Amino acid sequence: MLTVELIPDFEKEAEELGYKNVDDESEDFEEVYYEQGMDSVTLTVSPGSEFEVPLYYKGNIDNKEGLYEIISAHSGRIAFEQDNGIITLSPAAFEFSEDGRTIKELRKLWQ
């Protein structure tokens, strides 16, 4: 099983709350950050299944143990943004392969 945490885009979340120009120095930051967490969704994906990271979201995957590899739809194997063992996926459709290890990007979703 693969677990993907879908997190709303911070700027989009701020916009939906009616805020403009929110950054970590503004007084509205904590409220937007809290709402972003409340609007996050966790997907559990079985091998052989497809899933989507919707527009205005990012998908985080815990890869601290190095279990997963990503294959881009356009350029073969690529290194997606990874920080402290967390892979961050951009909006796209993906397939979690039967091998329980490979995540194949099928197509990008554009904003």
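Here, residue 1 is the first one in the sequence, and each next residue gets the next number. Please read all numbers here as calculations on a predicted model, not as lab measurements.
A heavy-atom distance below 4.5 Å is found between the side chains of Glu5 and Ser40. With a 4.5 Å cut-off on side-chain heavy atoms, Phe51 and Ile103 count as touching. With a 4.5 Å cut-off on side-chain heavy atoms, Lys58 and Ser90 do not count as touching.
Of all heavy-atom pairs between Pro54 and Leu6, the closest is CD-CD1, 4.0 Å. Here the closest non-hydrogen pair linking Glu98 and Pro47 is O-CB, 3.8 Å. Across Pro8 and Asp39, no two heavy atoms sit closer than the pair CG-CB, 3.7 Å.
Taking CD of Glu105 as the reference point, atom CG of Leu89 lies at 8.5 Å (rounded to 0.5 Å). Glu69 contributes atom CD, which lies 7.0 Å from atom CG of Asp99 (distance to the nearest 0.5 angstrom). A distance of 9.5 Å separates CD1 in Ile71 from CD in Glu95, rounded to the nearest 0.5 Å. Between the CD atom of Glu52 and the CZ atom of Phe94 there is a distance of 9.5 Å, given to the nearest 0.5 Å. Rounding to the nearest 0.5 Å places CG of Leu55 at 5.5 Å from CG of Leu109.
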Requested in this report: Tell me, with the steps shown, if Ile61 and Tyr68 meet side-chain contact (heavy atoms from CB on, under 4.5 Å).
Outcome: CA-CA 9 Å; Ile61 299 170; Tyr68 305 113; 3.8 Å; yes

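With hydrogens and angles ignored, the 3.5 Å screen pairs a side-chain donor or acceptor of Asp62 with a backbone N or O of Lys64.
For Lys12, the salt bridge (Lys or Arg N to Asp or Glu O under 4.0 Å) partners two or more places apart in sequence, or in a different chain, are Glu15. The side chain to side chain contact (heavy atoms under 4.5 Å, CB included) test applied to Thr3 returns Thr42, not counting sequence neighbours. Among residues two or more places apart in sequence or in another chain, the side chain to side chain contact (heavy atoms under 4.5 Å, CB included) test is passed with Leu67 by Asn63, Glu65.
Tracing side-chain contacts under 4.5 Å through hydrophobic residues (I, L, V, M, F, W, Y), one never reaches Ile7 starting from Leu2; they form parts of separate clusters. Connection of Leu106 to Phe96 is not established within any shared hydrophobic cluster, with ILVMFWY side chains joined at heavy-atom distances below 4.5 Å, either directly or through further cluster members.
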